[in-house]
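The block underneath contains the structure these notes are about, expressed in structure tokens.
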Protein chains: 2
Amino acid sequence: MVSVATRVTIREIADLAGVSIATVSRVVNGRDDVSEETRELVQRIVREHGYTANRSARGLSAGRTGLIGVLVPLVHPAYFSGILSGAAEALYEHDMRLVLSPTRHEHDREVGMVDRLMHGVTDGALLVLPEESSDELERLLEQGNRFVVVDPRSPLTGSIPSVSAAHASGAGQAVEHLLGLGHRRIAAITGPHDWVATEDRLRGYHAALGSAGIMAAPELVVDAGQWEIAAGVEAAERLLSLPEPPTAIFAFNDNLAVGAIRAARSRGLSVPEDLSVVGFDDVEQATVITPELTTVRQPLEEMGRMAVTLLIRLLDRQRFETLHVELATRLVVRDSTAPPAS
Amino acid sequence: MVSVATRVTIREIADLAGVSIATVSRVVNGRDDVSEETRELVQRIVREHGYTANRSARGLSAGRTGLIGVLVPLVHPAYFSGILSGAAEALYEHDMRLVLSPTRHEHDREVGMVDRLMHGVTDGALLVLPEESSDELERLLEQGNRFVVVDPRSPLTGSIPSVSAAHASGAGQAVEHLLGLGHRRIAAITGPHDWVATEDRLRGYHAALGSAGIMAAPELVVDAGQWEIAAGVEAAERLLSLPEPPTAIFAFNDNLAVGAIRAARSRGLSVPEDLSVVGFDDVEQATVITPELTTVRQPLEEMGRMAVTLLIRLLDRQRFETLHVELATRLVVRDSTAPPAS
DNA sequence: AGAACTACCGGAAACGTTTACAGCTTCGAC
DNA sequence: GTCGAAGCTGTAAACGTTTCCGGTAGTTCT
């Protein structure tokens, strides 16, 4: 019963096949300088014994571990799970694995973590919503670390590879949808103003209004300052107590939209009859609340997959041509929007 | 710009400190057979150069990689993210890392994955909600794999270490709460009947009713067969169209509870005035819906942490006396419950 | 004063791979 | 019939640690 389970090594496979370990290694790694019959023989033995190369040994010898670190703030579960699952799946297809490193709140730890993570543990990393400044990231890159930023929080300088969603275009779609329904007084509840997501969505909002020939009223744009429900409630209350309140609110994420709906309800307004609300993100909760939320879907899984693709390319060839990828967003129309009351 | 960034090795630290690599290794690993002054000298140099042991090398040499795998079905994001973040944090405190392996739908892959994961990659694993039968798990254990099961889906036989939530006690609390409000016709919407979670919660439900001297009416227990919202809607509709409908529903998870609320609302019943609803899990969504859901909180983070504790004990060969840990659940009273209409 | 510890440290062998290099065939061309 | 090239394979040197084993110096005991 004490099967100590000492795993089968390349040595044993080699002996069994009557070849050298070098040959086994070549077969396992798909090199092409092996004769067809040797290859088949070795492959059969490998299969029969369920041999897989010891990753530590491979890591030591070849300098690549097949592990990718993912630094992600666990505070946004609904958001990060999409990215993670996309990334994990894409990595799996390359026989690589994902090492999860939750970046808690403490900033100072973060930059050191990338560093530590890389050393002898992972070949590269995905940084999701990093706190780091562009400068710090640039420095990491120059030190030879290989990573891709997913959904940068601050604008990035040229050479840092990144994947993000088409914030502006998504915001545009949202506003156009509301315009199409006949709304003219369309408010915006924005997130923290130093986030790329906020700035780009704001740009999209203004652009859409502008090309419909509408001047955005400054009092209709309120800064929630965060992404949480409570902030959404508060911002919406400000909007709804205006002398001439909006007939529609575009909230810059789903949480804020939920807050807006709550604020409306507590004033006796019903959504969407008296007020239309659009969110952004399309997290799971969007379909849980009533009415189900019209919102802009971020392609989270796809972002994860794309980030992996970029990173692997980065690791293979040393030079990286495509630096920044922006993935399309799409408006999902549900029940929280309708033509204005009048 | 081609700073190849060759990391500092133990060799260099040793040279710098004028000692052998063996001594550096001892210091770094906190062995006690090093003189105080040598230790301090080495520690200073290590700190100055930011040296960390290459994990691949350590893994090869010592047979331990400091990585543990977590097999988790990514289909339940709200649920797993709590466990993951608890586990990751606990691991971090032991300077270990978490390798994420999403177990998609394909069952056959799962058992092989544990196996593959262990070999030269991780020292052990956490299996969250495994599909495997107790027998298969037992076999894995005997092959020398070290793992802890988190929230077993099927009942486990003796020797498999596991962490789970106090399903029965939580269910009891929920029912007692409803009884305390004055409810007598309390229905249950159960999950898939072969899950431990379902069976235990059912046991708690019956026990609480029983000790209040109430015989559970069989027609008040309906099997949703899954954990999704749609199933909850359907089950609740069956309950509400009974000749003598319940005044309260205990749904076996939050999704089902959301479904129940929807079903009630679409019949013109309002929650909690006409119908009380209690959920189970306390996922993020519970606070998003209106009314906010009264529900039984599972200590997800704590489960993750505890699983790590158990696993690390298992790896250290400190023989483990406690095989199965059950963590307490706690009723969180919010707005979806109230005294019956009378 | 010698023996027996103890505390500390270094040498060197492992750990399981990858890969540069060299060696052996075989074959076509001259 | 020799030469070079091409195709295949084996040898052995890395990769960066941990840890066993042995050695030296100092200390205590008898």
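Each chain gets a letter, A, B and so on, in the order its sequence line appears, and its residues count up from 1.
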Identify all pairs in which a protein N or O lies below 3.5 Å from an N or O of nucleotides 9-13 of chain C, and state each distance.
from   : atom 1 : to      : atom 2 : distance (Å)
C:dC9  : OP1    : B:Ser35 : OG     : 3.3
C:dC9  : OP1    : B:Thr38 : OG1    : 2.4
C:dC9  : OP2    : B:Ser35 : N      : 2.9
C:dC9  : OP2    : B:Thr38 : OG1    : 3.3
C:dG10 : OP2    : B:Ser20 : N      : 2.9
C:dG10 : OP2    : B:Ser20 : OG     : 3.1
C:dG10 : OP2    : B:Thr23 : OG1    : 2.7
C:dG10 : N7     : B:Arg26 : NH2    : 2.7
C:dG10 : O6     : B:Arg26 : NH1    : 3.2
C:dG10 : O6     : B:Arg26 : NH2    : 3.4

> A:Asn54 side chain N/O closer than 4.0 Å to the phosphate oxygens (OP1, OP2) of C:dC15?
Replying inline: no
In residues 8-16 of chain A, what donor-acceptor pairs under 3.5 Å come from side-chain atoms, sequence neighbours left out?
from    : atom 1 : to      : atom 2 : distance (Å)
A:Thr9  : OG1    : A:Arg11 : N      : 3.0
A:Glu12 : OE2    : A:Thr9  : N      : 3.3

>> With a 4.0 Å limit, can you tell me whether B:Arg11 has a side-chain N or O closer than that to the phosphate oxygens OP1/OP2 of D:dT17?
In response: no
>> With a 4.0 Å limit, can you tell me whether A:Ser25 has a side-chain N or O closer than that to the phosphate oxygens OP1/OP2 of C:dT18?
In response: yes
> When the distance from CG of A:Asp95 to C1' of C:dT17 is rounded to whole Å, what number comes out?
Replying inline: 15 Å
> How is B:Arg64 classified with respect to the nucleic acid when contacts are heavy atoms under 4.0 Å: base, sugar-phosphate, or nothing?
Replying inline: nothing
> Within a strict 4.5 Å, meaning less than it, do heavy atoms of the A:Leu126 and A:Val308 side chains meet?
Replying inline: yes
> In whole angstroms, how far is the P atom of C:dG16 from the CG atom of A:Asn29?
Replying inline: 17 Å
>> With no hydrogens and no angle check, just 3.5 Å: does a side-chain donor-acceptor pair link A:Ser56 and B:Thr65?
In response: no
> Between atom CG in A:Asp15 and atom P in D:dT11, what is the gap in whole Å?
Replying inline: 11 Å
> Taking the side chain of B:Leu60 as heavy atoms from C-beta outward, which of C:dC15, D:dA14, C:dT19 is closest to it?
Replying inline: C:dC15
>> Using whole Å, what does the distance between atom C1' of nucleotide C:dG16 and atom CD1 of A:Ile13 come to?
In response: 13 Å
> If every non-hydrogen atom of A:Leu137 is compared with every non-hydrogen atom of A:Phe147, which pair is closest and at what distance?
Replying inline: O-CZ, 3.5 Å
>> Measure CZ/A:Arg7 against P/C:dT17 and give the value in whole Å, please.
In response: 11 Å
>> I need the CZ-P distance between B:Arg58 and C:dG16, as an integer number of Å.
In response: 18 Å
>> If the condition is salt bridge (charged side-chain N to carboxylate O under 4.0 Å, His left out), which residues does A:Arg26 pass it with, not counting sequence neighbours?
In response: none
> Hey, which of A:Val149, A:Leu141, A:Leu311, A:Val325 is the one that makes side chain to side chain contact (heavy atoms under 4.5 Å, CB included) with A:Pro161?
Replying inline: A:Leu141
> Ion pair present between A:Glu93 and A:Arg305, side-chain N to carboxylate O less than 4.0 angstrom?
Replying inline: yes
